[in-house]
A.B. asks: 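Handing you this structure, nothing more for now.
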Number of protein chains: 2
Amino acid sequence: MDICKHCQSKSLAANKLVESEIEELEHSCVSVDFLQGEIIFKQDALSSNIIYIRTGLVKVHIKGPDRDQILKIAKGPTYLGIPTTLGDKVNNYSATSLTHVSVCFVDIRTFRHFIENNSEFAYEIILDLCKEELSYYHRCVNQLQKHSAGRVADALLFFADEIYLSKTFNLPLSRSELGDLTGNSRESVSRILAEFNQQQIIQLKGRGIAIINHSLLKEIGKKG
Amino acid sequence: MDICKHCQSKSLAANKLVESEIEELEHSCVSVDFLQGEIIFKQDALSSNIIYIRTGLVKVHIKGPDRDQILKIAKGPTYLGIPTTLGDKVNNYSATSLTHVSVCFVDIRTFRHFIENNSEFAYEIILDLCKEELSYYHRCVNQLQKHSAGRVADALLFFADEIYLSKTFNLPLSRSELGDLTGNSRESVSRILAEFNQQQIIQLKGRGIAIINHSLLKEIGKKG
DNA sequence: ATTAAAATGTGATATGTATCACATTCCTAA
DNA sequence: TTAGGAATGTGATACATATCACATTTTAAT
């Protein structure tokens, strides 16, 4: 079928694979589509495949002592959950689709095989892991030290600048999920968004958001 | 000198190196000792070496919007800062010795060379990165969702169970640093420790700590 | 030994944010 | 079209924890 060979959303690592490896990949890779709100993989279940998000938006979330914590919003094309698949026998967190999502499940043995036989592939995976970890450090420190409004501001900027690349977008999360992402209660999120709306920093209509004063939002995000 | 060949604290990855690679390592590896409180590498400086802690305790910390955040306490033997060295040109965080520390600086080109030529080495590094990331996820969620006392309890248990392997130990951190680690103010840390002492959960004398009621401390850590 | 500087302890107060309670709006299914 | 449930908005209140202010202790330097 040449699915992988001509895949439009190949990863940097997959680009390092040679012809024969691409062929191997095609035989041990399954493409699955998810509707919005479906569980792609679940915390505590056995982890047996490397997940590659071709298109769509996914939330990665983990059970906290109190409530669900959204670790990140991932946008295809990207690998998802390499750490939880290679680093442990069971998933340390869950992934749920936020939009229609197209996913490739790659057999872990094949993936491992690539790492062991193609050092360029391995190096790209290592770089990816490193960058992920660095960005997570920054995210986490921001979460820990900023005040609620700053965290919500950051989240809005993240969606505008990194996910939708537009000042106008529809939030793919409920208020409650936005709380799980930013470490706020549902009510606080509501209040903060209402406040931003009031101050003409954003224009709010349900989940529809238009960022009006981008620089001020950035200021709020920076100050905490 | 055969420094590396007979090194007592070789990493899992380094154990996969063949004779000739070990030799290469010896030529591009410098061993340096640090006293307590010295900076091993500094945030925003150019990152040009992979750091391997042979012995000693190190704090990894990052500048937050508000104050310093201690990302983790690392204990040799362990790699330190692979993400910040491979993932970016400059260090994304700092490392400071908490005790006498013996460090190997490995030239990044040599390290990269190993990854590219020794797939078992690469795989061990990948596993290490994955496990680091997973443990960081859990740490971070705990930090975000637990209450102050729970976070301090966790920190004490961490030192007892994972660093010193003893119920009695001397904290390698000031109250203020313990605050940076647990996301509390210096004053709150003082109060919480005093409270634990009062309730006979720990016995406190300056930085000297004896854990008396381990299970209750664990309970506090779990509940938040 | 003496003194200065740093680290720590502790009460009073301020503040940010969760929680509770309930009203309102939105969405879906019959 | 209506009914019922889910999602959301909003005020009042409670609570955890930072901050401020200052006392006390410890540590290091002379």
Side-chain angles (χ1 to χ4, degrees), chain A residues 35-37 59 64-70 96 98 142-156 170-199 202-209 220-221 223-224, chain B residues 35-37 59 64-70 96 98 142-156 170-199 202-209 220-221 223-224:
Chain A
L35 299 176
Q36 187 186 110
K59 72 166 176 176
D66 226 49
R67 55 216 189 79
D68 234 38
Q69 176 75 40
I70 298 182
T96 304
L98 293 174
N142 283 338
Q143 291 276 71
L144 285 167
Q145 296 196 3
K146 282 179 185 172
H147 285 183
S148 341
R151 299 195 302 263
V152 173
D154 279 350
L156 295 179
N170 279 304
L171 265 182
L173 303 175
S174 70
R175 298 294 189 265
S176 170
E177 285 176 307
L178 193 53
D180 290 341
L181 176 66
T182 60
N184 287 303
S185 68
R186 174 188 69 74
E187 294 94 327
S188 290
V189 170
S190 267
R191 269 186 269 265
I192 290 163
L193 289 178
E195 178 75 13
F196 286 171
N197 187 49
Q198 174 98 33
Q199 293 180 233
I202 63 172
Q203 196 175 310
L204 184 67
K205 194 173 180 220
R207 295 197 183 185
I209 295 210
I220 294 170
K223 286 281 191 78
Chain B
L35 299 176
Q36 189 186 108
K59 72 167 176 175
D66 225 48
R67 54 219 191 76
D68 233 38
Q69 176 74 39
I70 298 182
T96 304
L98 293 174
N142 283 338
Q143 291 276 69
L144 285 167
Q145 295 195 4
K146 284 178 184 172
H147 285 184
S148 337
R151 300 196 301 264
V152 173
D154 279 350
L156 296 179
N170 279 303
L171 264 182
L173 303 173
S174 69
R175 298 293 189 266
S176 170
E177 286 176 308
L178 193 53
D180 291 340
L181 176 66
T182 61
N184 287 303
S185 68
R186 174 187 69 76
E187 295 93 326
S188 290
V189 170
S190 266
R191 268 186 270 264
I192 289 163
L193 289 178
E195 179 75 12
F196 286 172
N197 187 48
Q198 174 99 35
Q199 294 178 233
I202 63 172
Q203 196 175 310
L204 183 68
K205 194 174 178 220
R207 296 197 183 184
I209 294 207
I220 293 170
K223 286 282 190 76

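A, B, ... follow the sequence lines: proteins, then strands. Residue 1 opens every chain.
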A.B. asks: Would a 4.5 Å heavy-atom cut-off, applied to side chains only, mark B:Ser148 and B:Arg151 as touching?
C.D. replies: yes
A.B. asks: Inspect the surroundings of CD in B:Gln199 and state if more than 12 heavy atoms from other residues, nucleotides or ligands are less than 6.0 Å away.
C.D. replies: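 Yes, the 6.0 Å shell around CD holds more than 12 heavy atoms from other groups.
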A.B. asks: Below 4.5 Å, heavy atoms only, C-beta onward: do B:Arg207 and B:Pro172 meet side chain to side chain?
C.D. replies: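 Contact flag for B:Arg207/B:Pro172 side chains = no.
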A.B. asks: What are the two closest non-hydrogen atoms of B:Lys146 and B:Asp154, and how far apart are they?
C.D. replies: NZ-OD2, 2.5 Å
A.B. asks: Calculate, to the nearest 0.5 Å, the distance between atoms CD1 and NE2 belonging to A:Ile220 and A:His147 respectively.
C.D. replies: 13.5 Å
A.B. asks: When you check every protein heavy atom under 4.0 Å of nucleotides 8-19 of chain D, what one-letter string (B, S, -) results, 5' to 3'?
C.D. replies: BBBBB---SSSB
A.B. asks: Please state how far atom CD in A:Glu177 lies from atom P in D:dA6, giving the value in whole angstrom units.
C.D. replies: 15 Å
A.B. asks: Compare all side-chain heavy atoms of A:Pro65 with those of B:Asn142 and state whether any distance is below 4.5 angstrom.
C.D. replies: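 Of all side-chain heavy-atom pairs linking B:Asn142 with A:Pro65, at least one is under 4.5 Å.
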A.B. asks: Between C:dC27 atom C1' and A:Gln36 atom CD, what is the distance in whole Å?
C.D. replies: 13 Å
A.B. asks: Quantified as the angle between the terminal helix axes (five pairs each), what is the overall bend of the helix from C:dA1-D:dT30 to C:dA30-D:dT1 to 10 degrees?
C.D. replies: 50°
A.B. asks: What are the two closest heavy atoms between B:Leu204 and B:Ala194, and how far apart are they?
C.D. replies: CD2-N, 4.3 Å
A.B. asks: Are the side chains of B:Leu193 and B:Leu156 in touch, meaning some heavy atoms are under 4.5 Å apart?
C.D. replies: yes
